[in-house]
Amino acid sequence: MSYDFCKQMMRLKFKIMPVALAAAFFFCRAAPGQNLDEIGVTLLRAVTTNLDGSGIRVAQPEASLSLSEPIWEVNPASVGQPSALFTYISIDGATNFFPNALSSESGHADGVGANFYGLTGQGVATNVAHVDNYDADFFTSNYVFNLTPMPAASVVNQSFTFGPLSISDQQGVDSAYDDYADTFGTLFVSAVANGGQVCAPGTDYNCIAVAAYGTGASSSIGPTIDNGRCKPDLTAPAGVTSFSTPQVAGAAAVLMQAGLRGDGGSDTSSAADLRTIKALLLNGAVKPADWTNSNSSPLDARYGAGVVNVFNAYEQLGGGKNNYSAAGSIPIGTAHPPLAGTNFIAALSGWDFNTNATSATSDAVNHYFFNAVNGTATVTLVWNRQLGQTNYNNCINDLDLFLYNCANSNLVASSTSRVDNVEEIFLPQLAAGSYDLQVLKNGGTNVVSDAETYALAWVFVAPTLSIANFGTNAALTWPVYPAGFRVEAATNLVSPVWNTNELSSPVITNRKNCLILSATNTAQFFRLRQPDF
């Protein structure tokens, strides 16, 4: 990063920091109740062992609540963690003690920490290795804008924004953060702001940008103002984005821990890469009932990929890394119909971390062949904006997703955004059959690089509902995976009114949801459906 650019970013920092401060002050209140059931944490803890962020160092930069007095620190007691877990860092130095002379307690920081790693709240990653709590002003200027490595934090939660910026200023912030993420492999999980346009740093290509979801939630809606990219990437239940963001950051830390300890296979480096974590979290998200996208706009402008569900993401991680079935090159811009299916991938939930390479005269296609079941299909492709790419008309390599029916060569779905470094296909009703899932890299001379590394996550599932006698009662059962489905009942099929009014919560037994129905239950018909939250 040039000296002139650093000076530009310093001027930008001083101009925008009061906006971030005002936002932080306005939302300095207790974190709203977090539904760990809704984001898959409760289920994950029920079927796995010790997935709690162990071994993952995290960072929490906090915007100060006052221009005259620094107020940005987490009080360890407020989140039920020992003081030794924290390092407090600002321009005035660093300390492992609380209280200290660097700053004072921030209620906003406490609320964020409670949702991120807190024991007294409903923290997602309750056993992280260490928390570096920064003054956000110092963090951005000293590390991000100067491309200087911080202590080895793998996941950084940013529950602040720079507020509405001009296009050029937003692009400057995006460049700094994307360069940092691509250089050091750091995963930034950033709020998109609470109304109006999505704001930096939640506009960065390589981050996970988070919206807030729920009745009365205040959250910004995409796309980005610079070139219409899809942001947010995910959402989580909270009143404002300050407290939805740490839920996703906690989920990322838990998934990173799982990847590093081998739950996704022996290639732990690929499993814990920020691109793989992002692809899995987006692909495991649960779609609200009114979720929508298009082939040129892969994510919903309100929800991104949907409501984060760390259990679903973990199950797809557990499907293991699966190499593509075949690869080939084609002349630039020509058709790429499905190949004859070979080397079918057995894992209908899984992921890959691979590279696609083109030339000045060819596009490249990696083929993944699946024998899919009659059900739901979700596929997410993620890659980075590379270091030093500031040309916003052509600052990322152009990768696309295609799903073809092998039997008739018909194109079933595609995701072909030119401006996003995320592509997603979602099909709630995919017919059983053989399919060619293609990752295409567009070649030519107007590319960032001939080769691009990407992460791919997929799931082809058909959740089934079964009913059997249980003594004098009946038992409904369905798989715990994928999470996000619930049972609804009706008394008839002539004019059915589907609801959950007379149904209790299921009990998990042998990776099955089990719901016992009284013989006096008036409902006779039952179905599984994805929730509308």
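- Looking at Thr148 and Asn146, their side chains never bring a donor and an acceptor atom within 3.5 Å of each other.
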Verdict with reasoning, Ser175 to Thr390, per side chain to side chain donor-acceptor pair (under 3.5 Å)
CA-CA 6 Å; Ser175 290; Thr390 57; 5.8 Å; no
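- Judged by distance alone, the side chains of Asn366 and Tyr454 do bring a donor and an acceptor atom under 3.5 Å apart.
- Side-chain contact, Gln170 with Asp174: a donor N or O sits under 3.5 Å from an acceptor N or O.
- Heavy-atom minimum distance, Pro70 versus Ser64: CA-OG, 3.3 Å.
- Of the charged side-chain nitrogens involved, none lies within less than 4.0 Å of a carboxylate oxygen, so that Arg385 and Asp204 do not count as a salt-bridged pair.
- Between the side chains of Ser449 and Gln386, at least one donor N or O lies within less than 3.5 Å of an accepting N or O.
- For CG of Leu119, the number of neighbouring non-hydrogen atoms (other residues, nucleotides, ligands) closer than 6.0 Å is greater than 12.
- The closest donor-acceptor contact from the side chain of Ser415 to the backbone of Ile425 lies at 3.5 Å or more, if one exists at all.
- Inspection of the Asp400 and Thr416 side chains reveals no N or O donor paired with an N or O acceptor under 3.5 Å.
- Side-chain contact annotation: Ser78 with Asp110, donor-acceptor N/O pair under 3.5 Å present.
- Side-chain atoms of Asn96 come within 3.5 Å of backbone N or O of Phe86 as a donor-acceptor pair.
- In terms of modelled atom types and a separation under 3.5 Å, the side chain of Asn421 and the main chain of Val382 share no donor-acceptor contact.
- Contact between Asn206 and Ala181 at its shortest, heavy atoms only, is CB-CB, 4.0 Å.
- Side-chain N or O atoms of Trp291 include one that pairs as donor or acceptor with a backbone N or O of Gly304 at under 3.5 Å.
- In this model, a donor atom of one side chain and an acceptor atom of the other lie less than 3.5 Å apart for Thr358 and Lys441.
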Would Val459 and Asn283 satisfy side chain to side chain contact (heavy atoms under 4.5 Å, CB included), going step by step from the backbone distance to the final call?
CA-CA 8 Å; Val459 57; Asn283 207 64; 3.8 Å; yes
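- A donor-acceptor contact closer than 3.5 angstrom links the side chains of Gln158 and Tyr177.
- Leu280 has its side chain out of reach of Asn312: every pair of non-hydrogen atoms, C-beta onward, lies at least 4.5 Å apart.
- Ion pair Asp132/Arg57 flagged as a salt bridge, since at least one NZ, NE, NH1 or NH2 atom sits closer than 4.0 Å to an Asp/Glu carboxylate oxygen.
- Checked by atom type and distance alone, the side chain of Glu315 never pairs as donor or acceptor with a backbone atom of Val480 at under 3.5 Å.
- Here the closest non-hydrogen pair linking Ala94 and Ile89 is CB-CG1, 4.1 Å.
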Show your working on ring-ring contact (aromatic ring centres under 6.0 Å, His included) between Tyr303 and Tyr213 and close with a plain yes or no.
CA-CA 8 Å; Tyr303 314 126; Tyr213 186 88; 5.4 Å; yes
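- Between Asn127 and Ser54, the side chains place a donor N or O and an acceptor N or O closer than 3.5 Å (distance only, hydrogens not considered).
- A cation-pi arrangement is found for Lys287 relative to Phe426, the charged atom lying closer than 6.0 Å to the ring centre and inside a 45° cone about the ring normal.
- Annotation: side chain of Leu165 is in contact with side chain of Val173 (closest heavy-atom distance under 4.5 Å).
- Side chains of Asn354 and Asn323: a donor on one and an acceptor on the other come within 3.5 Å.
- In this structure, the separation between OG1 on Thr453 and CG on Asn397 is 10.0 Å, given to the nearest 0.5 Å.
- Of all heavy-atom pairs spanning Val422 and Pro298, the tightest one is O-CG, 3.2 Å.
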For a salt bridge (charged side-chain N to carboxylate O under 4.0 Å, His left out) check, start with the C-alpha distance between Arg302 and Asp290, then their side-chain angles and the critical distance, and finish with the verdict.
CA-CA 10 Å; Arg302 301 156 295 173; Asp290 58 345; 2.9 Å; yes
Go through it in stages, so that I can follow the logic: the residues are Asn309 and Glu38, the test is side chain to side chain donor-acceptor pair (under 3.5 Å), and I'd like the CA-CA distance, side-chain angles, deciding distance and then a yes or no.
CA-CA 7 Å; Asn309 191 288; Glu38 191 170 330; over 6 Å; no
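- Looking only at atom types and distance, the side chain of Ser159 has a donor-acceptor partner in the side chain of Asn157 under 3.5 Å away.
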Could you go through Val189 and Val156, starting from their C-alpha distance and side-chain angles, then the distance that decides it, and tell me whether this counts as side chain to side chain contact (heavy atoms under 4.5 Å, CB included)?
CA-CA 6 Å; Val189 183; Val156 180; over 6 Å; no
Run Arg275 and Asp182 through salt bridge (charged side-chain N to carboxylate O under 4.0 Å, His left out) and show every step you take.
CA-CA 10 Å; Arg275 287 158 288 192; Asp182 191 63; 5.2 Å; no
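- Proximity of a side-chain donor or acceptor of Ser220 to a complementary backbone N or O of Ala193 within less than 3.5 Å is detected.
- Judged by distance alone, with hydrogens and angles left aside, the side-chain atoms of Thr140 form a donor-acceptor pair with the main-chain N or O of Ala136 at under 3.5 Å.
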Step by step, work out the side chain to side chain contact (heavy atoms under 4.5 Å, CB included) result for Asn384 and Ile396.
CA-CA 8 Å; Asn384 272 356; Ile396 58 171; over 6 Å; no
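- Asn322 and Asp352 are not linked by any side-chain donor-acceptor pair at a separation below 3.5 angstrom, with hydrogens and angles left out of the test.
- Here the shortest heavy-atom pairing between Ser270 and Thr276 reads O-OG1, 2.7 Å.
- Of the N and O atoms on the side chains of Asn194 and Thr241, at least one donor lies less than 3.5 Å from an acceptor on the other residue.
- Side-chain atoms of Asp267 and Ser269, non-hydrogen and from C-beta on, do get closer than 4.5 Å to each other.
- Using modelled atom types and a 3.5 Å distance limit, the side chains of Glu62 and Ser106 yield no donor-acceptor pair.
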Set out, in order, the CA-CA distance, both residues' side-chain angles and the distance that settles ring-ring contact (aromatic ring centres under 6.0 Å, His included) for Tyr117 and His130, then state yes or no.
CA-CA 10 Å; Tyr117 48 76; His130 199 76; over 10 Å; no
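- Between Leu51 and Gln257 there is a side-chain heavy-atom pair separated by less than 4.5 Å.
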Report the C-alpha separation of Asp52 and Val128 in whole Å, then their side-chain angles, then the decisive distance to 0.1 Å, and conclude whether the side chain to side chain contact (heavy atoms under 4.5 Å, CB included) test is met.
CA-CA 7 Å; Asp52 50 16; Val128 293; over 6 Å; no
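- The nearest pair of heavy atoms linking Phe243 to Asn115 is O-ND2, 3.0 Å.
- With 3.5 Å as the limit, one finds a donor-acceptor pair spanning the side chains of Asp37 and Thr42.
- With a 4.5 Å cut-off on side-chain heavy atoms, Leu282 and Leu234 count as touching.
- The OG1 atom of Thr224 sits 8.5 Å away from atom CD1 of Ile167, with the distance rounded to the nearest 0.5 Å.
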Can you check side chain to side chain donor-acceptor pair (under 3.5 Å) on Asp263 and Tyr314, steps first, answer last?
CA-CA 9 Å; Asp263 290 16; Tyr314 174 78; 2.8 Å; yes
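- Relative orientation of the Tyr180 and Phe188 rings is perpendicular, given thresholds of 30° and 60° on the angle between their planes.
- Classification of the Phe160-Phe162 ring pair by plane angle, with boundaries at 30° and 60°, yields perpendicular.
- A salt bridge does not link Asp420 to Arg229: none of the charged nitrogens lies less than 4.0 Å from a carboxylate oxygen.
- A donor atom on one side chain and an acceptor atom on the other are not found under 3.5 Å apart for Asp300 and Thr292.
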